[in-house]
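Because the structure is a prediction, the values reported are computed rather than measured. Nothing fancy with the numbering, it's 1 onward along the sequence.
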Amino acid sequence: QVQPVESGGGLAQAGGSLRLSCAASGRTFGDYTMAWFRQAPGKERTFVAAISWSSTMTKYADSVKGRFTIATDSARNTLFLQMNSLKTEDTAVYYCAAGRSYSSDYKRYDYWGQGTRVTVSS
């Protein structure tokens, strides 16, 4: 069992950058697919990005493609989300998740962090 723990959220201006981190507590992320989801106030949780268990494949939501980058460290102890060219609509609580399927469906993920808040001001 793996417990993701997010960090790195905060306040940024539109056009700026933030980097989120997600550490594995209890074990490494090993052969889990890892993903980021986000939930804006009053809205449902939506997919942001995922990276395969081998870290060789990545996928992104259209809304963040070209601006966000998902990656892990070589030991797969930490997951990152580099967010550039931030927009006000990126404001949300961001969640790190681990699962066995390389999917954009949040129901496919078994382990979730507590979330980290990102606020982008204009």
Original post:
Going only through I, L, V, M, F, W and Y residues with side-chain contacts under 4.5 Å, is there a path from Val120 to Met83?
Top reply: yes
Original post:
Near Glu89 CD, under 6.0 Å, is it more than 12 heavy atoms from other residues, nucleotides or ligands?
Top reply: yes
Original post:
Any side-chain heavy atom of Phe68 sitting closer than 4.5 Å to one from Leu86?
Top reply: yes
Original post:
Is there a chain of hydrophobic side chains (I, L, V, M, F, W, Y, each step under 4.5 Å between heavy atoms) that links Leu81 to Leu18?
Top reply: yes
**OP:** Verify whether one side chain among Asn84 and Ser17 offers a donor that lies under 3.5 Å from an acceptor in the other.
**Re:** yes
**OP:** Using modelled atom types only, decide if a donor and an acceptor are shared between the side chain of Arg76 and the backbone of Ala24 within a distance under 3.5 Å.
**Re:** no
**OP:** Examine Phe80 and Met34 and state if one hydrophobic cluster contains both, with Ile, Leu, Val, Met, Phe, Trp and Tyr joined whenever side-chain heavy atoms are less than 4.5 Å apart.
**Re:** no
Original post:
Distance-only, no hydrogens or angles: does the Gln82 side chain make a donor-acceptor pair with backbone N or O of Thr69 under 3.5 Å?
Top reply: no
Original post:
Would you say Thr78 and Phe29 make side-chain contact, with heavy atoms under 4.5 Å?
Top reply: no
Subject >> Approximate separation, where rounding is to 0.5 Å, of Asp105 CG and Phe47 CZ >> reply: 10.5 Å
**OP:** Answer yes or no: is there an ion pair linking Asp62 with Lys65, defined by an N-O contact shorter than 4.0 Å?
**Re:** yes
**OP:** Inspect the surroundings of CZ in Arg108 and state if more than 12 heavy atoms from other residues, nucleotides or ligands are less than 6.0 Å away.
**Re:** no
Original post:
Do the non-hydrogen side-chain atoms of Tyr60 and Arg67 ever get within less than 4.5 Å of each other?
Top reply: no
Subject >> Close aromatic pair by centroid cut-off 6.0 Å: Tyr95 and Tyr106 >> reply: no
Subject >> Hphob cluster co-occupancy, Tyr111 + Val48, side-chain heavy atoms under 4.5 angstrom >> reply: yes
Original post:
What distance do Arg27 atom CZ and Asn77 atom CG have between them, rounded to the nearest 0.5 Å?
Top reply: 10.5 Å
Original post:
Just wondering, are more than 12 heavy atoms of other shown residues or ligands nearer than 6.0 Å to CZ in Arg100?
Top reply: yes
Original post:
Closest heavy-atom contact between Thr116 and Ser7?
Top reply: OG1-C, 4.3 Å
Subject >> In one Ile/Leu/Val/Met/Phe/Trp/Tyr side-chain cluster, 4.5 Å: Trp112, Val2 >> reply: no
Original post:
Under the 3.5 angstrom rule, does the side chain of Tyr109 hit a backbone N or O of Ser103 as a donor-acceptor pair?
Top reply: yes
Original post:
Can you name the nearest heavy-atom pair linking Ile70 to Trp36, along with the distance?
Top reply: CD1-CD1, 3.6 Å
**OP:** Quick one: list whatever passes salt bridge (charged side-chain N to carboxylate O under 4.0 Å, His left out) with Lys43, sequence neighbours left out.
**Re:** none
